[in-house]
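It should be emphasised that the depicted structure is a prediction, and the values quoted were computed from it without experimental measurement. Note that ligands are numbered from 1 as they come in the structure, with each ligand's atoms numbered from 1 the same way.
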Amino acid sequence: MGRCCKCNGRLLCMCLLPCMMTGHLLIYILVSVFVTISYSPPKITIHYIAPGISANSSELASYPLGPFWNLRLEDSALWNQLQHAWDRQYNPILRGNITGIMRKSKVELLPEIENDCVSDCVSRKCSVPRMHGLNSLPEQMKAFISSMHCREYPLLINQPGMCRRNNSSFGLDSPMLIMAIKTQVGNFENRQAIRETWGRSGLVKGESNKKGGLVRTVFLLGRQDSSTGPHPDLKNLLELENQKYSDILQWDFRDTFFNLTLKDLLFWNWLQQYCPTAVFVFKGDDDVFVRTDALLDYLHKRWEEHNLWRVRTNETDNDLDLFVGDVINNAMPNREPSTKYYIPEHFYKGRYPAYAGGGGVVYSGSLALRLKEVSERIRLFPIDDVYLGMCLDRLGLSPIHHPGFLTFDLPESDRGNVCAYRSVLLVHKRNPKQMLTLWKQLQNLPGQC
Ligand SMILES: *[C@@H]1O[C@H](CO)[C@@H](O)[C@H](O)[C@H]1NC(C)=O
Ligand SMILES: *[C@@H]1O[C@H](CO)[C@@H](O)[C@H](O)[C@H]1NC(C)=O
Ligand SMILES: *[C@@H]1O[C@H](CO)[C@@H](O)[C@H](O)[C@H]1NC(C)=O
Ligand SMILES: *[C@@H]1O[C@H](CO)[C@@H](O)[C@H](O)[C@H]1NC(C)=O
Ligand SMILES: *[C@@H]1O[C@H](CO)[C@@H](O)[C@H](O)[C@H]1NC(C)=O
Ligand SMILES: *[C@@H]1O[C@H](CO)[C@@H](O)[C@H](O)[C@H]1NC(C)=O
């Protein structure tokens, strides 16, 4: 009995094992063939079209499926061409020592390689890029192209003491948060409402009342006068305002939509010079509402996590790279000529990199300084939040999405409900009166909800 069983077992083994193995192989082959046949490449879903366009898909332009940075030359798009030239110039493999080139380039290399330059705007030695069909473009696009080589404009109103300790001439305070708010000369009421509510300068408590931090608010302005359209002369009023509040930064460039990117660049320059130890930077519009206390809590948490990580990994010289906002992925340029966001295909080809909507974003101070540096190698782009996305992309970073950044507002039914603001960090858009009302309502939020 035992022997027979053993014998049967061996027989079974010798017979069945090869059969089973062949069977498995067959199944494997069948499955692979099936998968190969039925495979279709993943579709890239377009989540979002840069704002201002009608939802008419036939008006959307074609775009390449490749990655955002693309060394292939897009021969008919001006920005891509200009950027391509810089990419080659600053390519560390082709050129070796980038820092050496960066330092040299402004004086020697640039004019040699192509006849334009970054900083020399005043003497008009720089050439304006030539572009096919320039004359048929909207005015703002033409104005942008003819000044896109300029990035240095003098300060008209400065705040050198913003981060000085107790107004003394030595020692810097390190604000936990510096709030840089894009505004225009005429928006006195917005600025005042911000000062009285979420943009208060000074020590601000966190929402959970544990740790707050020092907050400093500055307003970023360009020039608004007869050259930007019919504007009443508000120069003296602005000066009075600045005497009273000392929080205005104004540069000598036309304050227009396509010049907003300049506010980022020039603010970074200012930050590096006058407030380099700020821990975090908020940059946003003057028609948003920020729950500064909740934002401080969030930032404290990130900061503490980072410090813990630093201690644990012993990487003491690693700075925090935080960039957070309402992130938009796979957006395409707006090709609708009637909108203010219109970017013609002759100017830029390709998708936009991931970027955070410009209503308001927060990033770490150390990252601001790195953004400043990398921006010197990226051509100006007329849409400021997209430009920030390009700079981040170049640093190999991605913006972090936070659902508390509501740049498209709360659902309409929730706007009147105070408790709906509990999880909000930023909401767009609120006028000055709404800011004051909301501020008052939110004073004792946790008790109510
Ligand atoms: C979409 O665009 C096409 C052609 O440009 C036009 O005929 C059509 O009316 C548009 N549809 C909408 C809903 O705007
Ligand atoms: C890069 O070039 C700069 C200036 O030419 C020089 O000071 C620096 O030491 C160089 N760095 C390296 C890694 O070669
Ligand atoms: C500066 O301000 C801090 C509080 O922010 C205070 O403790 C300190 O005494 C002040 N120093 C001077 C010289 O006023
Ligand atoms: C500096 O001092 C002035 C009064 O002398 C005060 O109004 C202002 O708020 C102070 N600035 C800062 C940043 O503390
Ligand atoms: C930006 O500002 C500069 C300097 O004032 C001006 O020459 C240029 O036309 C402006 N660009 C736009 C798009 O308005
Ligand atoms: C951390 O790094 C420092 C020098 O960089 C070294 O002296 C120290 O021993 C390191 N500590 C640990 C726990 O690795």
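Of all atoms in ligand 5, numbered sequentially from 1 with element shown, those under 4.0 Å from a heavy atom of T256 are 12 (C), 13 (C), 14 (O). When each atom of ligand 5 is checked for a heavy atom of Y153 under 4.0 Å away, the hits are 3 (C), 4 (C). Applying the 4.0 Å criterion to heavy atoms of R223 picks out, from ligand 5, the atoms 5 (O). Of all atoms in ligand 5, numbered sequentially from 1 with element shown, those under 4.0 Å from a heavy atom of Q140 are 13 (C). For ligand 5, the atoms sitting less than 4.0 Å from at least one non-hydrogen atom of F253 are 2 (O), 4 (C), 5 (O), numbered in the order shown with element in parentheses. The contact set between ligand 5 and F258, taken as ligand atoms under 4.0 Å from a residue heavy atom, comprises 13 (C).
Of the listed options L260, L262, N259, N259 places a heavy atom closest to atom 11 (N) of ligand 5.
Evaluation of the side-chain hydrogen bond (donor to acceptor under 3.5 Å, both in side chains) rule for Q159 yields N242 as partners, not counting sequence neighbours. Residues passing the side-chain hydrogen bond (donor to acceptor under 3.5 Å, both in side chains) test with E315, sequence neighbours excluded: N318.
The distance from the CZ atom of R195 to the CG atom of N190 is 10.5 Å, given to the nearest 0.5 Å.
A distance-only check finds a donor-acceptor pair linking the side chain of Y421 to the backbone of R415 [under 3.5 Å].
A donor-acceptor contact closer than 3.5 angstrom links the side chains of W270 and N158.
Test K182, K283, K372 against D264 for side-chain hydrogen bond (donor to acceptor under 3.5 Å, both in side chains) and you get one pass: K283.
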